[in-house]
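What follows is one structure encoded as structure tokens, with my remarks underneath.
Order of the sequence lines sets the chain letters (A, B, ...), proteins ahead of strands, with each chain counted from 1.
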There are 2 protein chains.
Amino acid sequence: MPTRERPSGGRTHVPSAAARRDGSDAPGERAADRHGAILDAALELFATIGYRATTMAQIGDRIGIRGPSLYKHVHSKQEMLVEIMAGMMEELLRRQRAALDAGGDVRERLERITAVHVQYHAEHRYEAFVGHHEIDNLEEPERSRILDLRREYESRFRELVQEGRELEVFGTSSDRWASYAILDMGIGVSAWYNPGGSVAPDELAATYAEFAVRMLGAGEPTATGPRGA
Amino acid sequence: MPTRERPSGGRTHVPSAAARRDGSDAPGERAADRHGAILDAALELFATIGYRATTMAQIGDRIGIRGPSLYKHVHSKQEMLVEIMAGMMEELLRRQRAALDAGGDVRERLERITAVHVQYHAEHRYEAFVGHHEIDNLEEPERSRILDLRREYESRFRELVQEGRELEVFGTSSDRWASYAILDMGIGVSAWYNPGGSVAPDELAATYAEFAVRMLGAGEPTATGPRGA
DNA sequence: CGTTCCGGCTAACGAGTGTTAGCCGGACGG
DNA sequence: CCGTCCGGCTAACACTCGTTAGCCGGAACG
């Protein structure tokens, strides 16, 4: 049913906003955290209708103030995008690094970074969607910086696939294509995943991790018999 | 090297424009085909910088005329998008139908529609990229129509996966996820494929078709022995 | 040779939008 | 009770863009 289009429901938040949660929420929303609320609203709009299509007035509407009033809390629309995208890529890299640091054989590590990849794209589909679709709307110093982070993130997949192929754990014809295929199927999740549904992100992640290893020709849990087809 | 971002080089054309090629090209470009040339220019710009970011003046520049002059050949910017997206989805469905009509067992048919899917996304990556990223910029009667076509296209994958699972040719936990994974890894191709490289689209398509069947747990050419690994 | 019309061009309109300027009420510290 | 400053608001500026209006040269055709 959720045909591949822009994300359309649910709730997520930007890392920087989610970090500081004190407790007060109902009584008029103290004073702090306005910045975080604005980023949340912007994120949701950027994800559902796109950065260029989103107007400052719309962002303001979401938190009950007028467009120009936003400038009391943020410097510009562009800055919001930067904050969202940088936060997203940094969080993604952090999780990937943790998954790799946990050790294990090639196959385990690949399963783990694939699962992390997919789970993030399901749980934080707004950030993920924006992170992948709005890169060209970043102005130039930041655009290249984010692109570098992305390249780093992607290269971890390729290196791992390559390592597995050299060890003959994986039997694939091209490291690059295989790693792109794994990355892209995970990215796709952020476009159709429905948080209201009955599917838990970690369940989806486990399934996709199995897709990945099967795709690489390492279907069975035991790595003892490589005999690559 | 081609990090997942907007497509950035090469040449393709919209179906409607590619159809009528007479022969004359160098000598001043007769009179006809102006419409097709405009659509080509628009397509390239929509794909590389996005529909909203593209201005009529830029499209005009590509063919050496001013923005307002475009209106002697097209009705509106929106109409160009509609023409591009409708042409793309119809062509994709046409190819998919042909692949299915060619018959064969479930596994063969799945390999074939996957290969068609991937090959189109490599050969016509501009149309494909626009087709997947600019849906929300379509105005309403058309948006739903295109979305219906897409749902139809996607459901063919899911039905085939389901058929294979029921026949126990495929061993997958979820038809839906598996078909989405296959679709998404193909869609991703349109974002990074480089036509200037040494990789032929059909070669890529064959590799991805194998990824798909492996992912579904039907790794070997012979359907007799399922034994994974 | 005249007319018609195709396909350019410039000027201009009108709507939309990010951002700035400047005002003002009210909470809070002294 | 007074001043300060936070955080709203409206008005307005400065663009950008899609699109329309109207002009005009020149090719094609009778």
Any chance you could lay out the side-chain contact (heavy atoms from CB on, under 4.5 Å) test for Leu147(A) and Arg151(A), step after step, and finish with the verdict?
-> CA-CA 6 Å; Leu147(A) 238 29; Arg151(A) 257 184 287 270; 3.8 Å; yes
Hey, are His121(A) and Glu127(A) close enough side-chain-wise for a donor-acceptor pair under 3.5 Å?
-> no
Please identify each residue that fulfils side chain to side chain donor-acceptor pair (under 3.5 Å) with Asp175(B), with sequence neighbours left out.
-> Arg165(B)
Between [N] atom [atom2] and [X] atom [atom1], what is the distance in whole Å?
X: Lys77(A); N: dT20(C); atom1: NZ; atom2: C1'; result: 17 Å
X: Met56(B); N: dC9(C); atom1: CE; atom2: C1'; result: 15 Å
X: Tyr51(A); N: dT17(C); atom1: OH; atom2: C1'; result: 12 Å

Could you tell me whether the side chain of His73(B) and the main chain of Arg34(B) form a donor-acceptor pair under 3.5 Å?
->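 Checking the backbone N and O of Arg34(B) against the side chain of His73(B), no donor-acceptor pair under 3.5 Å is found.
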All heavy atoms of Ala102(A) vs all of Arg112(A), minimum pair found to be CB-NH1, 3.2 Å
Is the distance from OP1 or OP2 of dG8(C) to the nearest side-chain N or O of Arg34(B) less than 4.0 Å?
->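 For dG8(C), OP1 or OP2 has a side-chain N or O of Arg34(B) closer than 4.0 Å.
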Please check the phosphate of dG18(D) (OP1 and OP2 only) for any side-chain N or O of Ser76(B) closer than 4.0 Å.
-> no
When you measure from the side chain of His73(B), which nucleotide among dG8(D), dG18(D), dG7(C) comes out closest?
->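 Among dG8(D), dG18(D), dG7(C), the one nearest the side chain of His73(B) is dG7(C).
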Which part of the nucleic acid, if any, lies within contact of Lys72(A), taking any heavy atom under 4.0 Å across all strands shown: a base, the sugar-phosphate backbone alone, or nothing?
->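 Counting heavy atoms under 4.0 Å across all strands, the contact made by Lys72(A) includes a base.
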Hey, which of these two, Ala53(A) or His75(A), hits DNA chain C nearer its 5' end, going by closest nucleotide?
->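 Looking at DNA chain C, the more 5' nearest nucleotide goes with Ala53(A).
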Counting only non-hydrogen atoms, which of residues 63-71 of chain A are less than 4.0 Å from DNA chain D?
->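 Correct list: Ile65(A), Arg66(A), Pro68(A), Ser69(A).
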Positive for side chain to side chain contact (heavy atoms under 4.5 Å, CB included) with Met80(B), one of Leu45(B), Thr54(B), Ile38(B), Leu43(B) = Ile38(B)
